[in-house]
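As a basis for the values below, the full set of heavy atoms in this structure was taken, side chains included, without hydrogen atoms, waters or symmetry mates. Sequence lines set the chain letters: A, B, ... in the order given, protein chains first and strands last, and positions in each chain run from 1.
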Amino acid sequence: MISILLAIAVGSLFASGTYLILRRGQIKLILGLALLSHGVNLLLFGSGRLTEGRPPIFLDKNEYAETIASNLPADPLPQALILTAIVISFGITAFVIVLVNRRHTVTQTDYVHGEYVPLLREGDPFDFSDSSDSVQYDWLAYEIDEVYDSEDLLPGIPAMPVSERDESTAMEEDSYQWP
Amino acid sequence: MAVSANLLAVPVAAPLLAAAFILLFARWGGRRRIRQQIALTSLALCLNLAAAAILFQATAGRGERFVLQLGDWSAPFGITFYGDGLSATLLLLTAIVALAVYPFAVATIDYHRARMGFHPLYLFLLMGVNGAFLSGDLFNLYVFFEVLLMASFVLLTIGAQPAQTNSGIRYVVLNLLASTIFLVAAGVAYGTLGTLNMAQIAERLPVASPAVQTVFAGLLLVSFGSKAPSLPLFFWLPSSYHTPPPAVTALFGGLLTKVGIYTLFRSFTLFFPELLVSWQPVLLTISGATMLVGALGALAQPGIRRVLSFHIISHVGFMLMGLAVAQSGNRLAVGFGLGAAVIYLCHHMIIKTALIMAGGAVELHMGSDRLVSIGGLVTRQPLLAFLFFMSAISLAGVPPFSGFVSKLSLLQITLDTRHWVVSGVSLFASLLTMINMMRLWRESFWGEYNRPSRVPVRILQSRIRQRLMLTPVAVLVLLSLALGIWGGPAITLSMRVAQQALDRQAYIEAVSPSSRISTADADLHLISSGTYLLVSPVAKSGTAAHAPPISRGSVR
């Protein structure tokens with residue numbers, strides 16, 4: 001009975017997690033990932049067989065033979081696996097939240113876009129002359145920003161606020177010899 | 001020279017310790033600290049390369065196998081590291097690629113990214129990849145997957161430019177889904193077979209019901225196929241690999257997808273050798289479609305790195321083709337397909353890294369990698385043009401290079417086993433690769449000199465940085481040339497590696513000798529002195545096996 005309930009719980013967690021991931025909002029994405037990891041944890045829990053009132057570990061070495069003969073021990077390994085999986089999913093959820101927050105700050109959007117697909121445009125699909133995806137190479141701006149330290153060359157890239165400038169971010173590229 | 005099995009710990013421990021040391025003692029501070037980080041990272045990379053070379057020499061050269069039970073906990077309960085020819089080959093290539101990309105990364109990664117922890121992350125990624133190659137346990141494999149994924153998430157998004165965060169979301173979500181499916185597979189394995197140790201799974205799977213086998217194999221195929229990436233599940237790769245700095249793309253292109261390939265090879269040869277025969281049509285269809293879609297997709301891409309990332313997908317199809325024909329022999333040897341796939345893997349790791357680095361150098365010179373807006377670099381950078389051309393024709397499979405040897409051997413086994421359609425598709429994909437490479441070459445090096453960026457990138461005016469960027473590319477191209485010229489010995493070596501990987505019985509005996517494993521269908525094990533007993537309360541269905549007794553000591 002309880003295993004049927006567990007199966008239903010795992011299935012509904014997976015279903016709702018998948019549904020939330022397929023939505024466009026970023027918060028729903030995070031919630032969907034969390035629900036999926038909960039579903040997997042419950043599934044791992046079920047893989048150890050649901051038993052009641054059985055000890056996983058025997059403290060008294062002399063008695064455990066008859067204990068086992070009368071009463072099978074519970075399997076403690078799935079709990080250990082779940083603990084590891086919980087820790088990992090905790091770290092990843094934290095990372096995803098930070099990433100989403102940063103993305104919201106940088107791009108001012110809340111939606112998870114699909115990628116820009118040049119083939120779906122009208123006209124010649126192999127003519128890329130007018131595609132305006134130069135924004136994808138803006139990692140270079142970071143480089144240039146570091147070397148020149150001049151904001152007017154780079155409209156649109158926010159300058160580092162004065163409060164964050166310390167001696168280690170001072171631009172000393174000219175005197176710096178690379179190894 | 002006798003090699004101790006403790007050497008297996010070095011490829012994981014050296015990057016881990018160096019990264020921890022950096023985070024503890026050389027994390028905060030100015031450029032002096034970053035120089036110390038660079039020195040420590042180089043040291044760890046060199047140690048890793050030395051250990052991998054010794055392991056490769058012992059396993060692939062002399063046919064040994066190494067098993068390391070960490071902390072003296074024996075097989076099904078402790079952490080098991082297993083090293084044979086396949087693992088050692090991948091470890092060696094990983095070490096070479098990581099060491100080759102590192103000077104490029106030192107020269108091109110800017111100060112801000114270095115300050116945010118680029119160098120320790122590089123080491124953590126290497127540690128995760130090495131651990132995944134060595135792991136002999138499904139759950140440890142999952143943990144190492146997560147380690148390398150976490151490091152790759154941060155490396156992909158470090159710097160947090162808008163395009164990076166956009167692609168980071170797609171990459172993170174799709175890879176997490178694949179990991180989740182893999183964890184489900186691990187849960188299924190534990191619930192039905194009562195173990196997570198790969199040797200024990202291989203031992204118990206033949207007596208399990210066909211439904212368990214099919215579900216387990218399907219889950220593994222989906223999750224590893226998504227990490228590899230094969231056809232229906234590859235969309236995270238081309239939408240994210242063009243956004244980080246080129247050094248990160250070169251590292252990812254060289255290492256990350258190969259972990260998925262390795263786990264596919266390992267799981268299918270170890271767990272389901274009979275499914276390699278019965279699922280052969282499925283695998284061949286996936287591989288043919290993957291290589292075709294990858295090559296066709298590359299044809300439609302506007303930038304250098306986008307083209308190259310689609311070619312990664314195309315080449316995954318070639319390796320899967322070798323796996324699909326692994327169990328069928330030709331007149332040369334049984335397992336020739338897997339050997340050909342292994343040598344293709346080596347070729348791919350070497351030359352794809354070189355090509356992405358060369359493309360990244362072009363991108364740094366031009367300020368953009370959009371093919372329509374750049375051109376004419378051959379007069380300004382003749383050495384770069386030469387290296388790019390050499391690696392491009394090696395990728396396409398022109399004779400003196402390694403691409404020819406690996407593609408020829410794959411084609412030979414496919415033709416010998418009479419899979420005409422997929423061999424024709426592979427030839428067509430090779431032709432498309434050639435067209436794409438020539439397109440890249442023509443658009444970026446020939447024609448009028450055209451530099452779209454109006455801001456000069458001063459990073460390239462330093463001669464030292466130029467050398468740091470081009471020397472590793474040259475070294476990798478020379479390696480590819482050597483692999484092509486000494487193709488005969490390389491084929492012999494990879495055949496030996498493939499035979500070793502296909503020998504399941506040796507794996508099972510090496511990790512946990514059958515005398516210690518009891519698969520008898522009884523709830524009660526005989527209790528011997530000094531042995532703790534732990535019986536998993538699995539149902540008495542007759543198909544489920546039981547957890548064996550833990551025996552301490554007597555560790556290889």
Side-chain angles (χ1 to χ4, degrees), chain A residues 21 26 29 33 36-37 40 43-44 46-49 51 54 64-65 68-69 72-75 77-78 81 84-85 88 91-92 95-96 99-100 102-103 106-107 112-113 115 118-119 125-126 128-129 131 134-144 146-147 153 167-168 172-173 176 178-179, chain B residues 29-31 35 38 106-107 110-112 115 139 143 146 150 153-154 157 159-166 168-169 172-173 176-177 180 183-184 187-188 190-191 239 242-245 300 302 367-372 453 455 457-459 462 464-465 523-524 527 533-539:
Chain A
I21 282 180
Q26 296 185 105
L29 184 76
L33 286 177
L36 271 185
S37 71
V40 178
L43 188 138
L44 282 178
S47 76
R49 296 294 183 274
T51 53
R54 290 174 183 170
Y64 71 99
I68 287 170
L72 281 172
D75 190 358
L77 192 65
L81 300 183
T84 317
I88 289 174
I92 285 177
F95 174 77
V96 174
L99 178 64
V100 160
R102 177 71 194 185
R103 180 169 178 273
V106 171
T107 63
V112 182
H113 297 288
E115 212 201 354
L119 278 179
F126 292 94
F128 301 112
S129 52
S131 66
S134 62
V135 70
Q136 282 163 0
Y137 305 103
D138 53 2
W139 64 270
L140 277 166
Y142 225 119
E143 210 94 42
I144 299 157
E146 179 204 6
V147 173
L153 276 174
E167 70 163 330
S168 62
E172 46 181 72
E173 185 64 27
Y176 180 63
W178 278 85
Chain B
R31 297 182 185 271
R35 274 185 231 180
I38 290 171
V106 167
D110 52 303
Y111 175 58
H112 293 273
R115 204 164 152 266
F139 201 77
V143 171
E146 293 301 315
M150 202 68 208
F153 293 162
V154 187
T157 54
Q161 297 302 303
Q164 279 186 296
T165 53
N166 277 338
I169 295 260
V172 166
V173 171
L176 281 186
L177 278 180
T180 308
L183 199 54
V184 170
V188 166
Y190 191 75
S239 73
H242 59 280
T243 52
S368 163
D369 75 340
R370 287 182 59 221
L371 289 171
V372 286
S453 172
V455 186
V457 182
R458 192 118 67 93
I459 214 169
S462 145
I464 297 175
R465 290 195 185 191
D523 284 335
L524 209 59
I527 301 161
L533 196 73
L534 188 69
V535 180
S536 148
V538 289

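- Residues A/A85 and B/L183 approach most closely at CB-CD2, 4.0 Å, considering heavy atoms.
- Residue A/L81 touches chain B through both its backbone and its side chain, counting heavy-atom pairs closer than 4.5 Å.
- When heavy atoms are compared at a cutoff of 4.5 Å, B/F139 approaches chain A solely by way of its side chain, counted from C-beta outward.
- Note that CZ of A/R103 is 5.0 Å distant from CD1 of B/I169, once rounded to the nearest 0.5 Å.
- Residues B/G187 and A/S47 approach most closely at O-CB, 3.4 Å, considering heavy atoms.
- Contact of B/V184 with chain A is made through backbone and side chain together, with heavy-atom distances under 4.5 Å.
- How far CG of B/L176 is from CE of B/M150: 8.5 Å, rounded to the nearest 0.5 Å.
- Only the side chain of B/T157 comes within contact range of chain A, with at least one heavy atom under 4.5 Å from a heavy atom of that chain.
- Between chain B and the options A/T84, A/L44, A/L99, the largest number of non-hydrogen pairs under 4.5 Å is found for A/L99.
- A/I21 meets the side-chain contact (heavy atoms from CB on, under 4.5 Å) test with A/L29, A/L33, A/L36, B/V173, B/L177; sequence neighbours excluded.
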